[in-house]
There are 2 protein chains.
Amino acid sequence: MALAGKTRKDVLQEFRTSELLDAARHVFALRGYHAATIDQIAAHAGVAKGTVYLYFDSKRELFLAALRQGILALHAEVAHQLRAAPTPQAQLQAFINARFHYFSRHPDLFRIYYTEFPQLATPTASSEFHDLYEQQAKLLESVLADGIRSGHLRPCPVPSTARLVYDLIRSALAQHILHEAADNPNPEAAVFQFIWKGISPS
Amino acid sequence: MALAGKTRKDVLQEFRTSELLDAARHVFALRGYHAATIDQIAAHAGVAKGTVYLYFDSKRELFLAALRQGILALHAEVAHQLRAAPTPQAQLQAFINARFHYFSRHPDLFRIYYTEFPQLATPTASSEFHDLYEQQAKLLESVLADGIRSGHLRPCPVPSTARLVYDLIRSALAQHILHEAADNPNPEAAVFQFIWKGISPS
DNA sequence: CACCCTAAATTGACCGGCCAGTCAGCCTCC
DNA sequence: GGAGGCTGACTGGCCGGTCAATTTAGGGTG
C-alpha cells in the first residue's frame with residue numbers, strides 16, 4: 001500500500017531521504033545544530049556532501065525536516081494509542097505513555113527538540129512547529145472536554161488545563177530523557193498520578 | 001569596603017568587566033552561544049571588538065565567566081535568605097523562593113543556563129560548574145539532615161532526596177521562566193507545597 | 001593655564017580557518 | 001551509450017582572534 005504507484009526510483013529516493021533524516025537527527029543531537037556539519041551528516045549516511053543537497057535545500061531545511069518527521073511519527077503513535085483507549089483516564093494515560101515510550105526509543109529526537117533552538121522549546125511562540133503543537137493541544141483538549149461531559153473528569157477550564165498538563169508532561173519527559181540518572185523506574189506512571197489527582201472527580 | 005585598596009583604574013576596569021558580562025549574558029541569551037558574535041556583544045556594551053579581548057581571553061571564557069558570575073550572585077542571595085530562616089520549613093522555602101525571585105529578575109541567566117550547552121543543564125555530569133552545583137547540593141542536604149535530626153522532617157535518604165528536590169525546583173523554574181505564558185501567580189508556593197507533602201512528618 | 005609627553009586604554013582593519021553551498025565531471029545501471 | 005544519480009574539490013562569506021595605529025588620561029613643567 002505504501003508502494004502504490006511508486007517506481008523503483010521513488011522508493012530509492014525515499015530510502016535515501018529517510019537515511020539522511022536519520023543521520024541528521026543523530027548528528028544534530030550529538031553535536032548541536034551549529035557544531036554539526038553537513039559533511040558529518042553525509043558521512044554518517046554514507047554519502048558525499050553534495051548528495052545531501054540533492055535532497056534538501058539547506059542545512060536548516062534538513063534540520064527542520066528531520067525534526068518534523070520525528071514529531072509526526074510520534075503523533076501518529078499517540079493517535080494510534082488514543083484510538084484504542086476506551087475511557088478518558090485511559091486516553092490520558094495513552095497520551096502520556098506513548099510520549100515516554102517513543103522518546104525513550106528516540107532520545108536523539110527529544111534532545112534536538114528540547115535543546116536546540118530555544119524558541120522551539122516553547123511551542124506557543126510562533127515557530128515552524130506551531131501547527132503540530134496546536135493539533136496536539138486540540139487533541140488533549142477534546143480528551144478533557146469529553147471526559148468532563150461524560151462525568152469522568154471534574155469540570156475545569158479546558159484550554160488552560162490542557163496547557164498545564166502538556167507542560168507538565170514535557171517537563172517530566174525532559175527529566176527522564178535528558179538526565180541519564182533515571183533512578184525512577186516508570187516516571188510516566190508518576191506523571192499520570194500527579195495529573196490525575198488534579199482532574200479526577202473528588 | 002568594596003573599594004578598599006582599589007585605585008580609580010581598578011574600579012573602572014571592574015565596571016567595564018561587569019558591563020561586558022551583562023552584555024554577554026544578554027546577547028548569549030538572545031541568540032544562543034554559537035549565533036552570538038563578539039561584535040554584537042561589544043556593540044551592546046558600547047565598545048569595539050578588540051576591547052573584549054582585553055578583558056577576556058576567548059569567547060568561551062567570556063561565556064563561562066558571564067554564567068558563573070550570575071550563578072554566584074544567585075548563590076549569595078540564597079545563602080543570605082537561608083541565614084534568616086529559623087526552621088527547616090522556612091529554609092526550604094528560602095531555598096526555593098530565592099531562586100524564583102532571582103531568575104525572575106534575570107531571565108537571561110536562566111535561559112543561558114538551561115538552554116545552552118546541554119551538558120551544563122545536568123549539573124551532576126562533570127562540567128565547568130560542577131563545583132557550584134555540588135556546593136548547593138550540600139547546602140540542601142544539610143537543611144534536610146538538620147530537619148530530620150530535629151524532628152521537623154520525616155526521615156528519608158538525604159542525598160537522593162536532595163537531588164530529587166533540586167531537580168524538581170529546576171524543572172518548575174524552567175516552566176516558570178522559559179514559558180512566558182505564566183498564568184500561575186506564584187509557582188514557587190506550588191513547588192514548595194508539593195515538596196513539603198513529600199518530606200513533612202505525616 | 002597652556003602645553004606637551006608618556007603610558008595605558010581603545011579601536012577596527014585585517015587574517016586565517018572553517019564550513020555551507022556549488023557544479024563540472026564521473027560513474028553506474030539500464 | 002546516455003541519463004541521471006553521485007561526487008568532492010572549490011568558493012565565498014562569516015567570525016573568532018590579533019595587533020599596529022590612534023585616542024585618551026593625567027600629570028609634570030614653564
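So you know, we letter chains A, B, ... as the sequences are listed, proteins then strands, and number each from 1. The analysis underlying the following values was restricted to heavy atoms, covering all of them including side chains, and did not include hydrogens, waters or symmetry mates.
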Can you measure [X] atom [atom1] to [N] atom [atom2] for me and round it to whole angstrom units?
{"X": "A:Lys49", "N": "D:dG5", "atom1": "NZ", "atom2": "P", "value": "21 Å"}
{"X": "B:Asp39", "N": "C:dC15", "atom1": "CG", "atom2": "P", "value": "17 Å"}
{"X": "A:Ile38", "N": "D:dC10", "atom1": "CD1", "atom2": "C1'", "value": "17 Å"}
{"X": "B:Phe28", "N": "D:dG16", "atom1": "CZ", "atom2": "C1'", "value": "11 Å"}
{"X": "A:Phe15", "N": "D:dG5", "atom1": "CZ", "atom2": "P", "value": "17 Å"}
{"X": "B:His34", "N": "D:dG16", "atom1": "NE2", "atom2": "P", "value": "11 Å"}
{"X": "A:Ile41", "N": "C:dC19", "atom1": "CD1", "atom2": "C1'", "value": "12 Å"}
{"X": "A:Leu54", "N": "C:dA24", "atom1": "CG", "atom2": "C1'", "value": "14 Å"}

Please work out if [X] contacts a base, only the sugar-phosphate, or nothing of the nucleic acid, heavy-atom cut-off 4.0 Å.
{"X": "A:Val47", "result": "sugar-phosphate"}
{"X": "B:Ala35", "result": "nothing"}
{"X": "B:Ala36", "result": "sugar-phosphate"}
{"X": "A:Phe56", "result": "nothing"}

*Go through D:dG8, C:dA9, C:dG21 for me and flag the one nearest to the A:Tyr53 side chain.*
C:dG21
*Of the nucleotides D:dG17, C:dG21, D:dG8, which one has an atom closest to the side chain of B:Ser58?*
D:dG17
*asked:* Check the orientation of A:Tyr33 and A:Phe28. Use parallel for under 30°, tilted for 30 to 60°, and perpendicular for over 60°.
replied: parallel
_In terms of relative ring orientation, are B:Tyr113 and B:Phe103 parallel, tilted or perpendicular, with 30° and 60° separating the classes?_
parallel
On the nucleotide [N], are OP1 or OP2 found under 4.0 Å from the side-chain N or O atoms that [X] carries?
{"X": "A:Thr51", "N": "D:dT7", "answer": "yes"}
{"X": "A:Arg16", "N": "D:dC6", "answer": "yes"}
{"X": "A:Gln13", "N": "D:dG4", "answer": "no"}
{"X": "B:Tyr55", "N": "C:dA9", "answer": "no"}

_Interatomic distance, A:Tyr53 atom OH to A:Lys59 atom NZ [nearest 0.5 angstrom]_ = 8.0 Å
*Under 3.5 Å, side chain of B:Gln69 to main-chain N/O of B:Ala66, donor-acceptor pair present?*
no
*Taking atom types as they are modelled, is there a donor-acceptor pair under 3.5 Å from the base of D:dG17 to the side chain of B:Lys59?*
no
_Pairwise 5' ranking along DNA chain C for B:Gly46 and A:Asp57, keeping only the more 5' one_ = B:Gly46
*asked:* Under 4.0 Å between a side-chain nitrogen and a carboxylate oxygen: does that hold for A:Glu61 and A:Arg68?
replied: no
